[in-house]
Colleague: 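Take this structure, written in structure tokens, and hold onto it; I'll ask about it next.
Just so you know, residue 1 is the first one in the sequence shown, and it goes up from there. All values reported here derive from a predicted model rather than from experimental measurement.
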Amino acid sequence: MEDNQQNQTEEGQDEHPKTEIKQKSREVRPKNKKKKIPEWLVWGLSILFLSFGLTVVFSFLTQLVIDENSPAAVCVVVLLVLLVFNISCDVLANAIIACKPEAFLAMASNRIRGARRAVFFCRNASKLGSIFADVIGDICGIVSGAAGAALATILAVSGDSYIKIIAAILVSAVIGALTVGGKAIFKHFAIKYSKNIVFGFAKFTTFFKKEKKHK
């Protein structure tokens with residue numbers, strides 16, 4: 001009987017330290033953990049500020065070139081520049097999305113200039129495609145609309161209200177047709193020559209920011 005009582009007391013003594021350790025571990029754990037900002041929210045806000053900044057820059061440059069006294073030829077040149085830039089960005093976005101990073105891994109291992117940058121572009125295809133096709137493309141469309149309105153006003157400056165309405169409709173229709181049609185035509189070439197386009201653009205970016213060398 002005495003041995004059983006001693007065993008029970010020893011077991012009770014062993015259990016107390018374990019419960020105390022558990023209680024201390026619970027007390028040490030922080031109750032309020034810092035909540036991380038969701039990645040989708042960070043990406044959305046960054047796109048918002050990027051779009052705002054690019055729109056301000058594009059609009060400012062367009063306003064410097066086009067005003068009420070600008071000739072029609074200047075407006076046409078600005079519209080063509082915006083059109084080419086818009087289609088080029090769309091081609092680049094489609095090429096990056098269609099291309100795979102495996103196409104440049106061997107070139108990157110041989111330290112060919114632009115190959116590592118091309119791998120980075122392909123691995124971030126969704127984000128870069130959104131920036132080039134959606135952000136820059138939409139901004140070019142907005143600025144092209146403003147430049148087209150200025151061109152329509154210049155063309156119909158000596159006409160009545162009906163001529164101004166017709167001129168505005170025709171200019172908008174031509175801009176929309178050239179933009180959408182150009183993207184549809186060059187999409188085939190963007191997918192077919194995606195590797196060459198991505199590698200060429202990646203090599204071009206190395207002139208502004210050099211690639212990190214392997215250690």
Colleague: Any chain of hydrophobic side-chain contacts (each under 4.5 Å) joining Val84 to Leu61?
Modeller: no
Colleague: Atom OG1 of Thr55 and atom CG of Leu50: how far apart are they, to the nearest 0.5 Å?
Modeller: 8.5 Å
Colleague: With the 4.5 Å side-chain cut-off for hydrophobic clustering, are Ile47 and Val143 part of the same group?
Modeller: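 Same hydrophobic cluster.
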Colleague: Any chance you could measure Arg116, atom CZ, to Arg111, atom CZ, to the nearest 0.5 Å?
Modeller: 9.5 Å
Colleague: side-chain contact (heavy atoms from CB on, under 4.5 Å) between Phe58 and Ile142: does it pass, once the steps are laid out?
Modeller: CA-CA 10 Å; Phe58 278 51; Ile142 294 170; over 6 Å; no
Colleague: Identify the heavy atoms of Phe189 and Ile197 that sit nearest to each other, and give their distance.
Modeller: O-CD1, 4.0 Å
Colleague: Does the Ser130 side chain pair with the main chain of Ser126, one donor and one acceptor, at a distance under 3.5 Å?
Modeller: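 The answer is no, because no donor-acceptor pair under 3.5 Å joins these two groups.
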Colleague: Which residue in the set Leu79, Val78, Asn86, Thr179 passes side chain to side chain contact (heavy atoms under 4.5 Å, CB included) when paired with Ser144?
Modeller: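 With Ser144 as partner, side chain to side chain contact (heavy atoms under 4.5 Å, CB included) holds for just one option, Leu79.
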Colleague: Test your reading of the model: is there a side-chain donor-acceptor pair from Ser172 to the backbone of Ile169, 3.5 Å cut-off?
Modeller: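 Checking the backbone N and O of Ile169 against the side chain of Ser172, no donor-acceptor pair under 3.5 Å is found.
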Colleague: Within a 6.0 Å radius of atom CD on Glu39, are there more than 12 heavy atoms belonging to other residues, nucleotides or ligands?
Modeller: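 Check fails, neighbour count at 12 or below.
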Colleague: May I ask you to check whether Phe201 and Phe132 place their ring centres under 6.0 Å from each other?
Modeller: yes
Colleague: Quick one: CG on Leu54 to OG on Ser59, what's the gap to the nearest 0.5 Å?
Modeller: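 Rounded to the nearest 0.5 Å, the CG-OG separation comes out at 10.5 Å.
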Colleague: Under the criterion side-chain contact (heavy atoms from CB on, under 4.5 Å), I'd like the reasoning laid out for Arg113 against Phe207: C-alpha separation, chi angles, the key distance, then a yes or no.
Modeller: CA-CA 10 Å; Arg113 185 167 63 90; Phe207 290 104; 3.7 Å; yes
Colleague: Is it true that Phe121 and Trp43 fall in one hydrophobic cluster, defined by side-chain heavy atoms closer than 4.5 Å?
Modeller: yes
Colleague: Can you get from Phe120 to Ile131 by hopping between Ile, Leu, Val, Met, Phe, Trp and Tyr side chains that sit under 4.5 Å apart?
Modeller: yes
Colleague: Determine the interplanar angle of the Phe204 and Phe208 rings, folded into 0 to 90°, and report it as parallel if under 30°, tilted if 30 to 60°, perpendicular if over 60°.
Modeller: perpendicular
Colleague: Which pair of heavy atoms, one from Thr62 and one from Ala147, lies closest together, and at what distance?
Modeller: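 The answer is CG2-CB, 4.4 Å.
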Colleague: Considering all heavy atoms of both residues, which atom of Ala95 and which atom of Ser194 are nearest to each other, and what is their separation?
Modeller: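 What the structure gives for the nearest pair is O-CB, 3.5 Å.
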Colleague: Within a radius of less than 6.0 Å around CD1 of Ile37, do more than 12 heavy atoms belonging to other residues, nucleotides or ligands occur?
Modeller: no
Colleague: Got Ile136 and Phe85 here, is their nearest side-chain heavy-atom distance under 4.5 Å?
Modeller: yes
Colleague: Give the minimum heavy-atom separation between Ile87 and Gly182, together with the two atoms involved.
Modeller: CD1-CA, 3.7 Å
Colleague: Minimum heavy-atom separation for Ile97 to Gly129, with atom names?
Modeller: CD1-CA, 4.3 Å
Colleague: To the closest 0.5 Å, what do you measure between NZ (Lys183) and CG (Leu83)?
Modeller: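 Those atoms lie 9.5 Å apart.
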Colleague: Assign the ring pair Phe104 / Phe199 to parallel, tilted or perpendicular, where the plane angle (0 to 90°) is split at 30° and 60°.
Modeller: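 Aromatic pair Phe104/Phe199 classed parallel.
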Colleague: How far does CG of Leu178 sit from CG of Leu82, to the nearest 0.5 angstrom?
Modeller: 12.5 Å
Colleague: Could you report the tightest heavy-atom contact between Cys75 and Leu151, atom names first, then the distance?
Modeller: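 Reported closest heavy-atom pair: CB-CD1, 3.8 Å.
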Colleague: Looking at SG of Cys140 and CD1 of Ile175, how far apart are the two atoms once the value is rounded to the nearest 0.5 Å?
Modeller: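 With rounding to 0.5 Å, SG (Cys140) is 12.0 Å from CD1 (Ile175).
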Colleague: Determine, using the 4.5 Å side-chain heavy-atom cutoff (strictly less than), whether Ile191 and Val91 are members of one ILVMFWY cluster.
Modeller: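 Unlinked, Ile191 and Val91 end up in two clusters.
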